[in-house]
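Notes for the one structure printed next.
Residue numbers begin at 1 in each chain, while the letters A, B, ... track the order of the sequences. This is a predicted model, so every value here is computed, not measured.
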Amino acid sequence: MTASPAPVLLHLIALALLAAFPWVGGEFYVDLALTLMILALFALSLDLLVGYTGLVSFGHAAFFGLAGYVLAMITPETEPVSLWAALAACLAASAAAALVIGWFSVRTSGIYFIMITLAFAQMLYYFLSESPAFGGSDGLFVNFRPVAAVGDWLLFDLDDPMVFYYFVLATLLAGYALLTTILRAPFGQVLQGIRINEGRTRALGFPTPRYKLVSFVIAGTLAGLAGFLEAVHTGYVSPGHLSWHESGIVLMVVILGGRGTLYGPVLGAFTFGLLRNGLQDVTEHWILFMGLFIVALVLFLPGGIAGLIRRAPKGGSQ
Amino acid sequence: MTDTTRARPSRRRFLAGAAATGAIASTGFVPTRFAIGGQAPVKVGILLPYSGTYASLGEAITNGMKMRIEQAGGTLGGRPVEYIAIDSEASPPQAPRHTKKLVIKDQVDFLVGPVHSGVALAMAQVVAGRDKPIMIIPNAGANALTRGQCARNIFRASFSNWQTCYPCGQVMADDGHKTVVTMTWKYAAGNEIMAAGTELFKEFGGAVIKDIRVPFPDVEFQAHLSEIAALKPDAVLAFFSGGGAIKFVKDYAAAGLKDSIPLYGPGFLTEGLTEGQGAAAEGIKTTLHYARTLDTPVNRMFLEAYKKAYNKEADVFAVQGFDTGSLLLQAIDATEGDTGADASPAMIEALSAAEVPDSPRGPWRMSEAHNPIMDIYLRQVEGGVNKILGVASRDLEDPATGCKLDT
Amino acid sequence: MDLAQFLVQALNGVQYGLLLFLVASGLTLIFGIMGIINLAHGAFYMIGAYLAYWLVGLTDNLFLAILLGIPIAVAVGLVIERLLIARLYDRDHLDQVLLTYGLILILNETQKILWGSDFHGVPVPEMLAGSVPLTENQAYPVYRLFISAVCLGVAAGMWLVIARTRLGMMIRAGASNREMTSALGINIGRVFAIVFALGVALAAFSGMIGAPVSSVYPGMGDRVLIISFVVVVIGGIGSVKGAFIGALLIGLADTFGRVLVPDFASMVIYALMALVLLWRPQGLFGRAP
Amino acid sequence: MSAPLLKTYALTKRFGALVAVDAVDLAYDRSGVHAVIGPNGAGKTTLINLLSGDLPPSSGGVIFRGQAVTGAPPDRISRLGIGRSYQKTNLYPSLTAEQSCRLAARSRRGSAMRFFRPAHRDRQTGEAAVRALDMVGLAERRTVPCGALSHGEQRQLELAMILATKPDVLLLDEPLAGMGRDESDRIIALLGQLARDHTIILVEHDMDAVFAVADELTVMVQGRILDSGPPGRVRSNPAVQDAYLGAGDGLGAGDGPS
Amino acid sequence: MSQTALLEAAGLHTYYGASHVLRGVDLTIRPGESVGLLGRNGMGKTTTIRSILGLTPPRRGKVTLDGRPVTGAPPHTIARRGVALVPEGRGIFPNLTVRENLTMGARPAPPDSPAEDWALDRVLTLFPPLGERLDTWGNLLSGGQQQMLSMGRALMTNPRLLILDEATEGLAPQVRNEIWSVVRAIKDAGIATLIVDKDLKTMLRVCDHCVILAKGQVVYAGPASALAADPEIHVRFLGI
């Protein structure tokens with residue numbers, strides 16, 4: 001639960017790499033890195049549930065996609081919207097949705113939790129894909145990136161790809177730092193208690209359903225933040241963003257990277273993304289190799305990629 | 001769809017900014033025939049589904065396009081062709097990443113794709129307003145692509161959803177039907193096609209007594225077939241595609257409805273699927289811009305060549321791929337092989353005025369909104385093939401409502 | 001809706017429900033009884049459909065194709081269980097999720113390599129090709145009725161095997177107390193391998209028998225996967241009876257949902273699942289945890 | 001005589017056909033060790049589960065400080081001041097002893113819905129945790145993950161975690177099972193101290209320990225109370241002896257040593 | 001004494017995770033012999049049984065059946081070599097009927113075995129109450145009936161060694177008597193038994209040998225008659 005020196009060093013190296021990347025990466029790879037940072041943030045948010053609270057959600061894309069839809073709906077056709085207003089609206093929407101879905105879902109556990117989160121996400125998916133007002137199955141455009149202005153003064157320009165890159169990086173860092181802080185705080189300690197042994201935690205006097213709900217809302221809101229960034233990035237949202245495929249992919253990323261660590265999902269996002277990208281370049285049968293890779297990983301590397309790192313320096317944090 | 005062309009400057013500013021960011025490694029260097037002695041390949045990026053439900057469409061389009069270019073000597077403007085294909089997975093969320101890979105990393109000269117309308121819109125968001133590449137849509141029919149979302153460098157070689165079924169209304173009215181039930185999947189293409197198909201029908205005084213919408217991509221139709229049986233309309237106008245179309249047509253016939261309530265629809269309902277549908281498809285009338293049975297020398301040669309090259313029957317998607325190839329040839333011929341950024345306006349101009357006389361579907365030309373103006377045929381399944389009864393609508397042009405191209 | 005319509009739709013609902021049970025039957029065994037979260041269930045179903053297409057092409061006879069296809073599916077199931085699944089019994093459920101997700105990718109691509117990407121129809125066997133009149137203008141396809149009968153047969157067969165055979169006893173015993181079962185001299189590993197293979201065979205069988213009505217195409221397993229989980233979870237994990245009743249309930253809810261609340265038709269089954277789980281978190285016939 | 005601190009009336013728990021706890025009436029005063037003994041399956045653990053809120057009773061009820069708490073969730077019962085230990089070691093294997101106790105102590109510092117200040121900076125919980133570990137003799141081992149503690153140490157930690165929640169009533173389900181003699185002695189002494197100002201309900205098989213600390217002894221058999229009262233008297237009850245050593249009549253009395 | 005041991009466990013060290021439960025347990029059972037395993041709760045009796053059966057394989061030490069090592073073998077192979085368990089808590093399959101509980105693991109006696117086969121009829125003769133409830137679900141039996149079922153189920157595998165873990169626990173005195181007389185009948189039928197029970201007095205009458213465990217070690221091993229003669233040991237290691 002506390003960082004030992006080796007991970008701290010690794011974190012700094014990773015941060016330096018990401019910060020320096022736009023200067024050496026080339027336009028496409030910079031854009032890819034951006035996409036993967038957003039995926040990493042999305043995966044981090046799910047890891048709060050899967051890895052730290054012991055709740056496996058199979059509907060997490062609902063919050064990711066919903067935030068994008070809110071951005072698309074509030075962005076006027078002909079002018080940009082304020083970044084602050086957009087952020088507030090998108091995060092509030094995902095938080096509210098997470099509160100409602102979570103309120104129902106945290107009463108169940110295990111596989112039933114998986115299925116009930118799936119059920120709610122599917123309902124939202126169908127609602128959006130069947131409502132012409134929300135663009136139907138074709139989705140919606142976000143015509144303008146939000147403007148980060150204070151009064152008339154433009155703070156920074158998200159249309160500038162470099163600025164946007166660092167904006168995403170900063171958001172990812174902020175999310176990472178927020179989760180680190182929360183997990184070290186009493187709240188996070190209770191969550192981990194719930195994951196390891198919910199019955200015992202309840203017996204110690206913590207009303208665990210309430211903690212699970214709050215965790216669900218935080219995770220949903222962070223997923224919304226990632227979805228907001230994705231919508232700003234691509235300028236396009238579709239019901240596909242809420243589909244169970246996307247929920248499945250982000251769950252895979254978390255498991256692949258190593259749940260229960262914060263660096264795991266980030267590594268998972270980059271591994272998954274680069275592997276997918278690389279395999280698509282190399283072979284027509286990339287899906288086959290992706291599948292073989294995943295199967296091999298489960299068999300030979302339990303605990304995901306983070307398991308490798310944890311195994312290397314003995315006596316890590318957990 | 002709304003008009004978003006005025007919104008484009010913002011996007012373009014971003015993209016221009018991207019190119020201008022000095023630190024970004026790519027130099028923007030574009031090899032042209034003049035630069036490297038005519039040997040630098042023309043890069044054709046392909047973003048089509050090669051996995052999942054739509055994989056066969058992706059393959060047919062690719063085959064058709066490559067065949068057309070092979071027939072023209074295997075070169076574009078005298079330069080060899082490098083195809084860079086990516087599996088779109090028919091997934092809109094993945095589309096921006098895939099598109100950027102082709103556009104930014106591979107610096108393709110032309111971008112061909114996709115099948116899925118959602119993917120097309122996501123691609124358009126990346127491509128629109130750029131000088132390069134020129135995007136040619138070989139299938140996706142979303143009306144918006146050549147209406148509100150139309151763009152200078154985006155062309156469609158296939159159809160708008162509206163076109164495929166607009167003549168249906170007249171056909172049904174001509175057959176003497178007064179009432180119709182529409183039935184399709186509850187998604188954008190279904191809604192657009194049904195709206196087009198009933199437009200004329202209503203003008204002729206027909207009534208739509210129910211719009212049945214099946215959750216996409218569900219193929220459980222039984223409850224709705226019972227509804228239709230109870231409603232007893234004069235006709236049913238339906239649109240499904242692929243496996244869903246096979247199943248729908250079979251279920252419709254098996255429910256005993258085929259003989260009492262005739263079935264109409266856009267040609268996708270039966271095109272290339274009659275083998276799987278068998279006798280259930282007999283008698284269904286559809287409208288489409290193509291039919292395998294089209295008896296023209298061009299089409300006969302096309303079918304024969306395709307069969308020879310790929311050991312498979314060509315379908316409408318192969319035709320759309322073939323015509324995409326024709327457009328690529330015309331574009332590059334206009335600049336004599338130059339694909340540099342400066343050459344773009346000339347290519348766009350050529351494509352905007354393109355006429356495709358040697359299409360298997362019959363001659364067609366490009367509209368101002370970059371969508372084919374073409375004949376729509378009335379077809380009926382007879383003896384397991386879509387037989388052409390005649391032209392349902394000659395030189396049909398999509399209304400292109402809301403398309404404003406800054407030329 | 002008049003009474004006749006109501007009855008017709010009820011028939012549709014029951015018929016659809018039976019089909020859903022068939023489609024979910026393999027998952028009922030693997031997930032419901034063994035507790036393995038098998039995301040590849042839909043992929044096995046799809047492989048079954050392609051096997052039917054391929055073997056019907058060779059033999060021109062669906063029933064012969066099914067007879068040939070089932071041993072293939074059993075073999076595939078056994079190999080996968082021994083090589084992969086058997087190593088995961090003691091692991092976290094999430095490892096099963098990840099592994100079977102990998103299996104989906106492998107099976108999908110295998111399908112594409114073996115059979116290509118085209119859509120295929122499989123003809124209804126001639127002896128079952130007709131329809132029987134139902135109302136003045138609607139008929140019911142004989143093959144659908146045949147499938148319903150097969151579904152009932154499969155349900156009865158599953159019930160018989162589980163309730164009436166020694167293997168069934170071992171399966172139930174193993175599901176309730178693995179240690180005690182092996183302490184009585186039962187090779188529980190082999191029992192689980194057989195159950196897994198049976199589950200795969202059932203998934204493939206439903207794909208084969210359904211091929212003439214559903215047609216055969218890449219990605220057809222996706223839809224089947226989710227709906228199968230819904231069936232098993234609504235019915236209650238570990239209960240074949242629950243899955244059967246759950247499937248009928250979903251079939252009826254879905255059918256009447258389409259007719260009565262068409263605007264929300266696609267959400268009905270998910271709403272139903274959410275409601276059932278809120279009312280009885282362990283499903284209709286599941287044992288309380 | 002004041003109203004008892006913790007009282008049950010006709011407390012009953014059925015599992016299907018089995019009546020695990022059968023109309024039990026108990027009343028516990030403010031302090032002291034109240035031992036509950038009986039053969040396995042007598043319903044002792046079920047009784048603890050009913051008192052702690054882990055199981056809702058089938059009928060009857062529980063009254064704590066004059067307030068009905070029947071069916072209250074375990075977290076509420078815990079916050080009211082009833083802490084419990086588990087028969088089967090029930091810890092956080094990946095947390096250290098100190099982290100576990102901190103978590104326990106945290107539950108008495110108001111809501112833990114605190115998101116920003118690191119938990120380890122909270123001096124009070126830290127001190128409470130260390131104090132609890134010290135009381136059970138685990139202070140030296142506080143940085144060891146629970147999973148790596150010996151069985152006996154894990155039992156000690158169970159107790160430390162309850163102590164860290166500062167309960168008034170302790171429900172201890174076989175706290176000495178699997179402890180070494182030294183560890184047992186230490187815990188027995190600790191229970192003796194705690195009994196001065198805590199109500200301890202002790203389910204235990206170690207009879208030496210029970211007789212060393214119990215102020216009152218209750219014997220349960222088949223869900224019912226066989227006898228209850230001062231340990232000396234209860235011990236001499238022949239029915240109780242039979243329940244423990246067997247009546248010796250298993251094969252007809254008289255043909256063996258007695 | 002000249003006979004080879006049916007079961008021999010030597011120097012068993014068994015762990016649950018990091019917790020070291022058995023610290024070198026030795027145990028020998030000869031064919032047809034009845035051995036009592038005694039000790040207070042938590043001293044390692046059940047763990048000894050689990051180690052022998054391979055349910056919790058020992059980390060060190062050796063288990064042999066008829067002189068052949070079975071250490072580390074899976075439980076089902078050990079069971080098939082003639083060891084049957086009547087576990088603590090009875091381990092009845094709740095979702096199997098009485099008949100199914102009995103027949104599921106049934107194995108006929110080996111053809112070369114001199115002993116009479118324990119078939120369903122014989123088991124039902126031994127436990128008449130089960131015969132009346134053959135089609136009842138296992139979990140609907142009373143405690144005593146469940147115990148009979150558990151024993152009958154074990155007998156149906158035709159074991160040479162029957163392990164009884166707390167077979168009379170939680171039963172009414174009258175039912176306990178019935179169980180004990182069956183235990184003796186089983187012994188008389190030539191089946192070796194390993195018995196864990198709290199009823200010391202009866203144990204001393206039934207068993208030939210007794211072993212007392214404390215803290216994972218054998219603290220007493222000897223003839224039951226010797227133990228019976230030494231009440232001081234009872235109190236020290238077992239009693240109230």
When the 4.5 angstrom heavy-atom criterion is applied to A:S129 and chain B, the contacting part is backbone
Counting heavy-atom pairs under 4.5 Å with chain A, the top scorer among B:G190, B:A85, B:S91, B:P92 is B:P92
Cut-off 4.5 Å, heavy atoms of chain B, and the answer for A:Y126 is side chain
Of the listed B:I86, B:I84, B:N191, B:D87, the one with the largest count of heavy-atom pairs under 4.5 Å with chain A is B:D87
(Q) Could you go through B:H98 and A:Q280, starting from their C-alpha distance and side-chain angles, then the distance that decides it, and tell me whether this counts as side-chain contact (heavy atoms from CB on, under 4.5 Å)? (A) CA-CA 10 Å; B:H98 290 143; A:Q280 276 180 333; 3.4 Å; yes
### Query
With a 4.5 Å limit on heavy-atom distance, are the side chains of B:R97 and A:R276 in contact?
yes
Just so I know, are the side chains of B:K105 and A:D31 near enough to count as touching, which here means a heavy-atom distance under 4.5 Å? no
query = Sub-3.5 Å donor-acceptor pair from the side chain of A:Y236 to the main-chain atoms of B:G118, do we have one?
reply = yes
Given A:D281, A:V237, A:T35, the one with more heavy-atom pairs under 4.5 angstrom with chain B than any other is A:D281
Most contact-rich option vs chain B, by heavy-atom pairs under 4.5 angstrom, among A:E79, A:E246, A:E230, is A:E246
Under 4.5 Å to a heavy atom of chain B? For A:I249 that would be side chain
* Would you mind reporting whether B:Y50 and A:E284 have side-chain heavy atoms less than 4.5 Å apart? => no
Value for CG (B:L102) from CZ (A:F28), rounded to nearest 0.5 Å, stands at 8.5 Å
Begin from the C-alpha positions of B:E89 and A:I287 and carry the test side-chain contact (heavy atoms from CB on, under 4.5 Å) through to its verdict.
-> CA-CA 10 Å; B:E89 307 164 58; A:I287 290 181; 5.7 Å; no
